[in-house]
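Please read the structure below before turning to the comments.
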Amino acid sequence: MKPAPHWKRHLGWLWLSLMSFTLLVLLIAYQTRWVYPEIHAYFSQAGNLTGQQLATRSRDYLQESLDLLLLDPLDAGNRQRAHFQMELAYSLFDIGLYRNEYSCTQPSLAALDELKVKLRSGESVLVGDLRNSLLGPIRCLTEIEMHQLDRRSSVTSAFVEDTRRHQGQVLFGSVVIFALGLVFWWMHERHRRSAERATRESLEWMTRALSDPLTGAGNRSALHQDVLACEGQPMGLILIDIDFFKQYNDSLGHPDGDKLLRNLAELIDETLGGQARLYRMGGDEFAALFDCADDGVLTGYCERLVAGLREAALHHPDHPSAATVTLSVGAARFIAGQAGFDAGYAAADQALYRVKAGGRNGWQVAQVKVVSSSDLNLEES
């Protein structure tokens with residue numbers, strides 16, 4: 001019997017961990033929603049806490065209104081501000097909870113209505129009227145506050161008692177579930193890191209297998225993979241060969257030859273503006289692959305390569321016709337795919353051969369026309 005795949009074990013631990021934490025959340029939700037329904041009544045809008053706050057604010061507004069009228073009951077500004085404060089107090093006082101549960105509410109509201117009418121009409125208000133119209137509602141609101149406070153204390157005591165009865169069970173269950181979740185999560189993380197390490201090692205191995213260790217450029221296998229990954233797209237291929245590289249090695253030694261290869265790889269990448277993927281095909285031959293929709297781009301890249309190397313002026317002590325390193329460059333444009341690449345590579349290679357046969361230190365572009373996978377024609381530009 002085959003063991004379970006690594007990724008299935010990885011997901012299994014993650015699933016168990018998530019289930020544990022989900023169960024913990026459900027336990028907490030059950031504790032707050034069903035075991036303690038008093039919580040919602042206690043903090044709801046119609047509950048004790050909000051009711052007490054409304055009564056307190058309403059009483060404060062009435063007290064401010066009384067202070068204004070006692071200061072100068074004939075002053076129009078005082079009367080207007082007092083009326084405004086009274087309206088605020090009335091809106092907080094006139095709620096169903098107070099009207100249904102407290103007998104003093106309806107008379108107090110009636111007294112406030114009567115006083116508001118007098119203030120709006122400009123009728124004179126005596127100190128005795130203020131006592132009858134405002135002190136009564138203030139006393140009523142004070143009674144409501146005290147009663148609400150007593151009720152709040154009663155509910156709080158019941159809530160605390162229920163909490164004490166259930167907190168041990170909830171605490172124990174939560175600790176167990178949380179510990180299980182942590183254990184499962186630790187197992188998940190261990191497998192995840194193991195999988196990441198294996199993936200990273202595989203990627204590193206693949207990278208090494210597809211790259212040239214000396215220059216860091218891709219190799220022939222990488223070139224083929226990249227071409228096939230762009231199947232159907234117009235691509236440009238440039239083959240680059242260092243002129244008289246053997247003489248360079250013979251004159252300066254292989255370490256300097258290796259240094260020249262690394263320098264040349266960097267120079268090619270910089271000259272092409274980082275737009276091309278670079279490959280070392282072996283020895284002193286490089287290849288550059290890039291998106292290329294027309295021959296003008298291909299021609300421009302070839303010119304820039306040769307000109308860039310001339311500007312770099314890398315010394316070549318044993319070059320038969322120049323004092324610096326020179327290049328022979330062959331290029332072709334093709335449609336990505338196995339047949340197109342074969343034709344493009346062959347055309348670029350032939351162009352490179354013609355440059356070498358013509359004295360090196362130059363470039364040439366060949367055109368490739370692919371009629372079908374079995375009908376390939378090469379044309380020199």
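The structure displayed is predicted, hence computed values, not measured ones.
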Judged by atom type as modelled, is there a donor-acceptor pair below 3.5 Å linking the side chain of [X] to the main-chain atoms of [Y]?
X      : Y      : result
Ser251 : Gln247 : no
Ser153 : Leu149 : yes
His316 : Phe244 : yes
Asp294 : Val297 : yes
Asp243 : Asn361 : yes
Ser91  : Leu88  : yes
Arg280 : Gly283 : yes

**Item:** Gln80, CD: over 12 other non-hydrogen atoms inside 6.0 angstrom
**Value:** no
Could you tell me if [Y] and [X] have a donor-acceptor pair between their side chains, going purely by distance under 3.5 Å?
X      : Y      : answer
Tyr98  : Gln148 : no
Tyr248 : Asp256 : no
Ser328 : Asp241 : no

I need the minimum non-hydrogen distance between [X] and [Y], along with the two atoms involved.
X      : Y      : answer
Ala293 : Arg333 : O-NH1, 3.3 Å
Ala332 : Ala347 : CB-CB, 4.0 Å
Leu71  : Asn78  : CD2-ND2, 4.1 Å
Glu64  : Gln85  : OE1-OE1, 3.0 Å

**Message:** Quick test of your reading of the model: are Arg193 and Glu189 salt-bridged, counting only N-O distances below 4.0 Å?
**Reply:** yes
**Prompt:** Can you find a heavy atom in the side chain of Leu327 that is under 4.5 Å from one in the side chain of Val355?
**Reply:** no
**Message:** Please tell me whether Ile335 and Leu228 are part of a single hydrophobic cluster in this structure, the criterion being side-chain heavy atoms less than 4.5 Å apart.
**Reply:** no
**Complete:** When rounded to the nearest 0.5 Å, the distance separating CD1 of Ile240 from CG of Leu278 is 6.5 Å
**Message:** Run the side-chain contact (heavy atoms from CB on, under 4.5 Å) test on Arg220 and Tyr279 for me, step by step, so that the C-alpha distance in whole Å, both residues' side-chain angles and the decisive distance to 0.1 Å come before the verdict.
**Reply:** CA-CA 7 Å; Arg220 285 180 179 270; Tyr279 311 88; over 6 Å; no
Show me the side-chain donor-acceptor pairs of residues 260-276 shorter than 3.5 Å, one per line, residues at least two apart or across chains.
| residue | atom | partner | partner atom | Å |
| --- | --- | --- | --- | --- |
| Asn263 | ND2 | Lys259 | O | 3.3 |
| Thr271 | OG1 | Leu267 | O | 2.7 |
| Gln275 | NE2 | Gly273 | O | 3.4 |

**Message:** Is there a side-chain contact (heavy atoms from CB on, under 4.5 Å) between Leu239 and Tyr345? Walk through the geometry before answering.
**Reply:** CA-CA 8 Å; Leu239 298 181; Tyr345 189 88; 3.8 Å; yes
